[in-house]
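All remarks here apply to the structure that follows.
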Amino acid sequence: MKYSKLNRFKKIVILALVFLFSASLLFAQDYLPRTWKTRKVDLSFNRYYDWQQMEDALRKLEKAYPKFLKLRSIGKSFQGREMWYMTINNPETGAEMNKAAMYIDANIHGNEVQGGEVCLYTTWYLMENYNYNNYIKKLVDERVFYLFPSVNPDGRDLWLHKGASARSGQFPYDSDNDGLFDEDGPEDLDGDGEVGSMYLKVKAGEGTHRLADTGDHLVMIKKNIKGKPDEFGDYKYVGSEGIDNDGDGRINEDGGGGYDPNRDWGAYWQPKNVQRGAGDYPFSWIESRHTKDFLYNHPNIAGAQAFHNSGGMLLRGPGVKLHGEYKQADLSVYDAIGRDGEKIIEGYRYIVIWSGLYTIWGGFFDFTHDLLGIYSFSNELWTSRSDLDRDKKTTDEEREFFNKYIDMDNTYVPMHEIDHPALGKVTIDRDKTKLSGRVPPSWLLEELCHRNMAFCLYHAHNMPKPKIKNVTVEKVASGLKKLKVTIYNEKLMPTMSASAIENKIQRPDILSIEGNVKVLAAGKNKSSNLSGVPGRYRRYYLRVYDSDVNYIDQKDLKNLRLTSGIPGKAEVEYNFLVEGKGKVTVKLDCLKGGKDSKEIVLN
Ligand SMILES: [Ca+2]
Ligand SMILES: [Ca+2]
Ligand SMILES: [Ca+2]
Ligand SMILES: [Ca+2]
Ligand SMILES: [Zn+2]
């Protein structure tokens with residue numbers, strides 16, 4: 001009896017435990033959308049990551065998804081930070097180099113941080129949704145992604161940690177031409193992670209600023225305004241937060257770096273008397289040299305995005321007027337993606353850099369488009385949401401309302417006093433934290449990440465993907481056969497951009513015949529369906545000869561060099577006159593569109 005009582009007791013305990021356990025499972029449910037039901041890695045996207053935190057988050061993802069993700073470095077930044085990048089590739093569907101790749105980088109301007117979070121979000125989102133979403137699965141299976149959360153990690157950390165304005169990299173640079181390098185940068189004297197402006201209290205009339213009517217910040221005094229008396233200033237601006245390190249009487253006149261790393265690329269480059277911020281020669285800075293080497297070593301890259309901030313723009317090249325407009329075939333690709341981008345990212349405009357923004361000599365995409373044949377965009381991330389009545393104008397009232405009642409004054413930095421080591425009592429007024437203006441409020445960061453990722457995925461979705469659709473055999477005479485090979489590229493981008501063809505900077509695609517046969521002649525069928533190819537550009541594909549094929553005059557007809565690539569949204573047909581029998585493999589090898597092959601047997 002005793003035994004069975006104990007047994008019953010045990011049963012009850014076990015049942016209770018089972019009940020408690022399932023209840024705890026129930027309570028642990030996240031109630032996320034279906035696709036995130038099994039979220040493996042919990043990351044937040046309402047915050048920013050410094051370089052160590054970014055590395056930690058990337059490692060967490062790599063650990064959770066080891067089959068797809070590889071975190072590697074392209075080398076060290078000037079200050080010795082590893083320049084991490086994440087590769088997303090499914091090895092089961094082929095090697096990296098056999099697929100078209102999408103390159104995404106961010107933060108070349110050190111203070112333009114949020115593109116880093118977009119890269120992190122993209123990695124996370126693709127992985128978390130791979131098993132549940134066909135669009136994502138196809139992209140991950142058929143494409144490769146290279147994500148660089150910061151190509152200027154020194155600038156990123158300087159800005160996030162110390163608040164110092166860090167558009168530049170941190171290679172020593174004599175910004176004020178006094179023979180000393182980076183001798184006087186800003187100091188975060190009050191340790192709040194911000195660099196504010198310093199003011200001294202002076203006699204009324206001797207200042208540059210006065211207390212605002214609200215009493216909580218300083219405003220510049222107004223003078224010489226018709227019908228209004230001059231205002232009296234009783235606060236005098238003395239410089240940005242910091243001390244005069246070199247004792248030259250000026251405060252913070254030469255901080256870390258001082259050049260512009262996005263004026264360093266070897267296309268339409270100009271020296272600093274023409275282009276402010278340029279180095280002494282193209283690729284002056286170690287970070288851009290690492291990036292350039294990576295790009296040259298990855299000719300599979302067909303699409304590129306370089307994130308900046310701010311303004312809400314989808315920028316494309318050229319960076320300078322002198323370049324001239326892109327060729328029609330390339331324009332049609334940019335326009336299609338750019339215009340759809342305006343739908344994907346609310347409030348962003350598709351714009352050409354030199355005409356819509358400003359001239360950039362030595363900018364990133366004159367390099368990637370002209371010298372690497374990569375269709376390239378650059379998004380200027382974040383545009384204000386303060387136009388509350390949506391009349392396309394933002395008034396001060398709307399801005400104040402947004403800040404106060406929507407953002408809850410989250411970006412407000414109260415005016416305060418410090419004891420300055422040289423100046424005594426100093427008022428610091430920064431008005432707003434650095435995490436405002438050029439970056440979204442934290443609660444809008446995730447949306448920014450999602451929409452800009454969506455744009456990059458759309459860009460990647462449109463990368464070339466030619467397939468050998470058909471190989472047919474026609475008997476011409478005894479032992480002589482005509483092979484007809486049709487290749488279909490369902491995507492918008494051609495395997496070679498018009499610019500790459502013209503500049504001759506890309507190895508042509510190769511169509512080869514392998515087997516114990518001899519190819520006597522080869523050519524391209526004139527009736528190839530080139531409906532996707534703009535008229536101006538068709539002459540690259542069609543030449544007039546008195547035959548139904550354009551003969552190809554190459555020494556090695558078993559390895560045809562398709563010097564004009566395979567156009568977008570088009571079907572092309574190549575014919576081979578072949579002598580011999582047996583197994584024949586037709587292989588297509590495109591640098592920017594992957595590889596494909598088909599086997600047939602000739603008898
Ligand atoms: Ca200096
Ligand atoms: Ca400097
Ligand atoms: Ca100084
Ligand atoms: Ca200083
Ligand atoms: Zn920028």
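Note that ligands are numbered from 1 as they come in the structure, with each ligand's atoms numbered from 1 the same way.
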Is any N, O or S atom of [X] under 3.0 Å away from the Ca ion (ligand 1)?
{"X": "Phe181", "answer": "no"}
{"X": "Asp182", "answer": "no"}
{"X": "Asp176", "answer": "yes"}
{"X": "Asp174", "answer": "yes"}

Vertex the Ca ion (ligand 1), rays to OD2 in Asp254 and OE1 in Glu183 - rounded to 10°: 80°
With the Ca ion (ligand 1) as the apex, the O/OD1 angle for Leu180 and Asp178 - to 10°: 80°
N, O or S of Ile243 under 3.0 Å from the Ca ion (ligand 4): yes
Gly242 near the Ca ion (ligand 4) via N/O/S, less than 3.0 Å: no
Aromatic plane relationship, Tyr350 with Phe377 - under 30° parallel, 30 to 60° tilted, over 60° perpendicular: tilted
Parallel, tilted or perpendicular: rings of Phe148 and Tyr85 (30°, 60°): parallel
Any donor-acceptor pair under 3.5 Å from Glu241 side chain to Gly196 backbone: yes
Which atom of Glu187 approaches the Ca ion (ligand 4) most closely (N/O/S): OE1
Criterion side chain to side chain donor-acceptor pair (under 3.5 Å) against Tyr146, the qualifying member of Thr87, Asn300, Asp105, Asn89: Asn300
His109, N/O/S atom nearest the Zn ion (ligand 5): ND1
For the Zn ion (ligand 5): the N/O/S atom of Glu112 at shortest distance: OE1
Arg316/Glu325 ion pair, N-O < 4.0 Å: yes
NZ (Lys404) with more than 12 external heavy atoms under 6.0 Å: no
Side-chain touch Leu315/Leu357, heavy atoms, less than 4.5 angstrom: yes
